[in-house]
A.B. asks: 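Could you have a look at this structure, given as structure tokens, before my questions?
We use all heavy atoms of the structure for the numbers below, so side chains are in, but hydrogens, waters and symmetry mates are not. Chain letters run A, B, ... following the sequence lines, proteins first and then strands; every chain starts at 1.
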Amino acid sequence: MEQTIVDFVKVLRTAEVKVSPAETLDVMAAIEFVGYEDRALFKNTLSMLLAKNPEEKDTFETCFEKFFTFDDVMQAPVTGGTSDDAQDSDAFEDENSGDNPQGQPGGKGSGQGSGNASEAADAEASDEETPSPTSALGQLLLQGTRSDLMVSMAEAGRAVEVNEIVVFTQKGLYTRKIMDQMGLKGLQEEITERQETADRGEQRLAGKLKRARDQLRDQVRDYVEKQFFLHADEHGKQLREELLKKVKLSNLEKRNHKDVQEIVFKMAKKLVSIHSKRRKTHKRGQLDIRKTLRHNMQYDGVFFDLKWKSVKVDRPKVMCICDVSGSVSNYSRFLLMFLYSLAEIIPKVRSFAFSSDLGEVTRLFQSSNLEDAMAKTMRDYGNGSTDYGQMLEDFKRNCMDDVDNKTTIIILGDARNNHGDPKAEILREMYEKSKRVIWLNPEPRSNWLVGDAEMKKYGPNCHQTEVCNSLTHLERVVSNLLKYAA
Amino acid sequence: MLDALLARAAQQLPVASLNLIKRGSPLTLDRDEHLATIEAIHTGLAGLNYISNEQIATAVFLAYHLDKPVLIEGPPGVGKTELAKSVANMLGIACIRLQCYEGLDESKAIYEWKYGKQLLYTQVLKETLGEILDGAKGLTESVAKLHEFGDVFFSEEFLEPRPLMKALKEEAGCVLLIDEVDKSDHEFESLLLEMLSDYQLSIPEIGTIKANPDRKPLVFLTSNNTREISDALKRRCLHLYIPFPDADLESQIVQARVPEVPEELRRQLVTFIQALREMDLKKVPAISETIDWAKALILLHTESLDAELVKQTLNVILKFQEDIESVTGEVQMLTNKALKGS
């Protein structure tokens, strides 16, 4: 059982539930009290000890159901098995394997489990003189119970380390390996041997064994597939996520948007948990008299442990100006997505969109979901040639009064102004008034000065200019934004 | 000798805060019995009108048998705090509550020295101190003599225990409720770690204070999820998530808490509340609101819901004007649905 728990923990970890070794030990200790006979109790216990927030509980739920479910693995596809068939097979089984210890409950389940026997039963139900197989696997197939077979399969699976499976194409390989481990060779030999004899009974048994073997192969394949989904699927997903994080956002295809959105939320969540602790900076030189008095009471009022005033670091106040013209819209989309996922730690985000005229879209994003908001933004502001000068002018006219020394302004755009008037002096004004102006440019630095790009004029009027064309870049920018908010 | 003097001084002084009296409450014998099986917990809590579900009972069971604290999360008003209180009631032991807030620190959570008392005693004992040091020559000898008496002024008599320490010192065991731990600072969480994993606290001047090993306090922490609790803390706890109850459970809860409500009305109001939870509201009504509403309806001698009445009492279940406004339009439809008994 311990090994099983460890395996399960491994599955949870691939599914991004953080489980520490100490928690694994806790589970072992807990199982001593609750046992594992009562499935619901067992599940509740594990859920309490391993999954520690609502999202993890959900993941846990699916993992548990996948991992600790054995019945359906053994359910061979019912091939035209009417209830009569099942009945027959039941009778047959009882005769044939009287040593069946548990006597399976419910004719239906048993009928499915021994679908192979059912076919044989149809053919020769009345014939009693069936010799019993000699090879270990053959015996197990024809006489063992479903759970015996399952246990044997799981053991073989563990022996060949099926949980190391990584890619889809390995399924055949592992199926083969498990079959070998279970003693396929012995079974094969037996089948060949029996087929060569003249005795009808022997031959019939060989046929039966053959069918059972094919059935078993299907089951093993099924089992390997399950294991693949359990172990490798998440692994593959992680790989994909890593890739998506690095890929250029403009190269993303529409079908990937959903994945990327998920990643953005995940990254945002990480940032939230890192930065949710509000930092304090000490204002040196200002004595906090109240605190000092209180603290020094224990020294009879002698002030030898002084307390200084400290100020909590404010959450950044962000104004985000996004170019939504064709070339850059994808970047804007994900930047906005990022910022709005961080609402918990950056509550004051105002966002603006422009291609030529600037418009505020804050409300749009707050009231509707990202997809809709983005689509509307594109519709309203996405047309027209980019005009940075116009944008800056609009900003000056409408929002300059709201900029104070706590505001961080993020401008996302390629600064390609179609040879219009850049109006860098307005940016200068913003630079002087705000706390920080950060320019994010999706183009590589070498292209910043080529053609109609105006980065040469805009660059010096920003506190920071950054290349930003993948999720990793975005994450870094936002993280810095929070870190240096002081 | 100094101790004796202290005792004398204590007699002479009418110090009210001198609560050295040990509360010798007998050990609760039926504690183990109540916690022996999950069913026992279930029925025990039900007897106190706390209707638990499988998870809740399992959590209490495991908390006791594994000596682990329980971190309870869930939306406000689903009975997180109530659970701790009910468990204490069921076991007949004290429930010590520590309400967390921003700025809570060790002097308010663990212990504090009684400065006043320390000062007072030093004043009173000034002369006696002279007598003790009478024979000593020079500073070194006097100090050496004083050292013989140890740190009298930093002994337990001068310690003001705060909830965490009180819980450890409770001989008969107790329920320690650390309420809304998410409201406290990050630093405070770290302070709790020693307490939660080893049931002990270290005080530099005195040493380590440990809980009675057979009667460790049952610790419940509650959190409203306003922020993520640190992994270190979570790791040491059992994690119990209490969601809003389904209609069946909620109906049972209302019945247990407000038995006066006739069955028909109870079904209606539970259906109504469940429908409200489906709506997009700023704050959806929790169980506590359901119970309040049930009580209010009883006071108004209601037999059956009707739209007008619901509109008037909507402020009992909804706490934001926006929500009330957005629901008012739907009341007729919701009431009809509740009356029909979907």
A.B. asks: Measure the CG-CG distance between Leu233(B) and Leu192(B) for me, rounded to the nearest 0.5 Å.
C.D. replies: 6.5 Å
A.B. asks: Chain B heavy atoms under 4.5 Å from Lys18(A): which part of the residue, side chain, backbone, both or neither?
C.D. replies: side chain
A.B. asks: Which bit of Glu54(B) is near chain A, if near means a heavy-atom gap under 4.5 Å: side chain, backbone, both or neither?
C.D. replies: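 Contact with chain A involves both backbone and side-chain atoms of Glu54(B).
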A.B. asks: Tell me whether Arg162(B) forms a cation-pi arrangement with Tyr111(B), defined as NZ or CZ under 6.0 Å from the six-membered ring centre and within 45 degrees of its axis.
C.D. replies: no
A.B. asks: If you tally heavy-atom pairs under 4.5 Å against chain B, which of Thr45(A), Val34(A), Asn44(A), Asn53(A) wins?
C.D. replies: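 It is Asn44(A).
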A.B. asks: Under 4.5 Å heavy-atom distance to chain A, tell me which part of Leu238(B) shows up: side chain, backbone, both or neither.
C.D. replies: both
A.B. asks: If I measure from the heavy atoms of chain B, does Ser20(A) come under 4.5 Å with its side chain, its backbone, both, or neither?
C.D. replies: side chain
A.B. asks: What part of Tyr241(B) lies closer than 4.5 angstrom to a heavy atom of chain A: side chain, backbone, both or neither?
C.D. replies: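 For Tyr241(B), heavy atoms of backbone and side chain both lie under 4.5 Å from chain A.
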A.B. asks: Please look at Lys57(A) and chain B and tell me whether the side chain, the backbone, both or neither of the residue comes under 4.5 angstrom of a heavy atom of that chain.
C.D. replies: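 The side chain, not the backbone.
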A.B. asks: Chain A heavy atoms under 4.5 Å from Leu71(B): which part of the residue, side chain, backbone, both or neither?
C.D. replies: neither
A.B. asks: Given the rule in the salt bridge (charged side-chain N to carboxylate O under 4.0 Å, His left out) test, do Lys183(B) and Glu189(B) qualify, once you have shown the distances and angles that lead to the verdict?
C.D. replies: CA-CA 10 Å; Lys183(B) 300 274 188 323; Glu189(B) 268 179 39; over 6 Å; no
A.B. asks: Should the ring pair Phe67(A) and Phe8(A) be called parallel, tilted or perpendicular, given that the plane angle runs from 0 to 90° and is split at 30 and 60?
C.D. replies: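 Tilted.
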A.B. asks: Looking only at heavy atoms and a cut-off of under 4.5 Å, which of Lys43(A), Glu32(A), Arg294(A) has the most pairs with chain B?
C.D. replies: Arg294(A)
A.B. asks: Would you verify whether the NZ or CZ of Lys282(B) falls within 45 degrees of the ring axis of Phe320(B) while also being under 6.0 Å from that six-membered ring's centre?
C.D. replies: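 Here Lys282(B) passes the 6.0 Å and 45° test against Phe320(B).
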A.B. asks: Does a side chain donor of either Ser351(A) or Glu360(A) reach within less than 3.5 Å of an acceptor in the other side chain?
C.D. replies: no
A.B. asks: Please state whether the rings of Tyr121(B) and Phe158(B) are parallel, tilted or perpendicular, taking 30° and 60° as the class boundaries.
C.D. replies: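 Ring orientation of Tyr121(B) relative to Phe158(B): perpendicular.
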A.B. asks: Would you mind checking which part of Glu112(B) comes under 4.5 Å of any heavy atom in chain A, side chain (CB onward), backbone (N, CA, C, O), both or neither?
C.D. replies: side chain
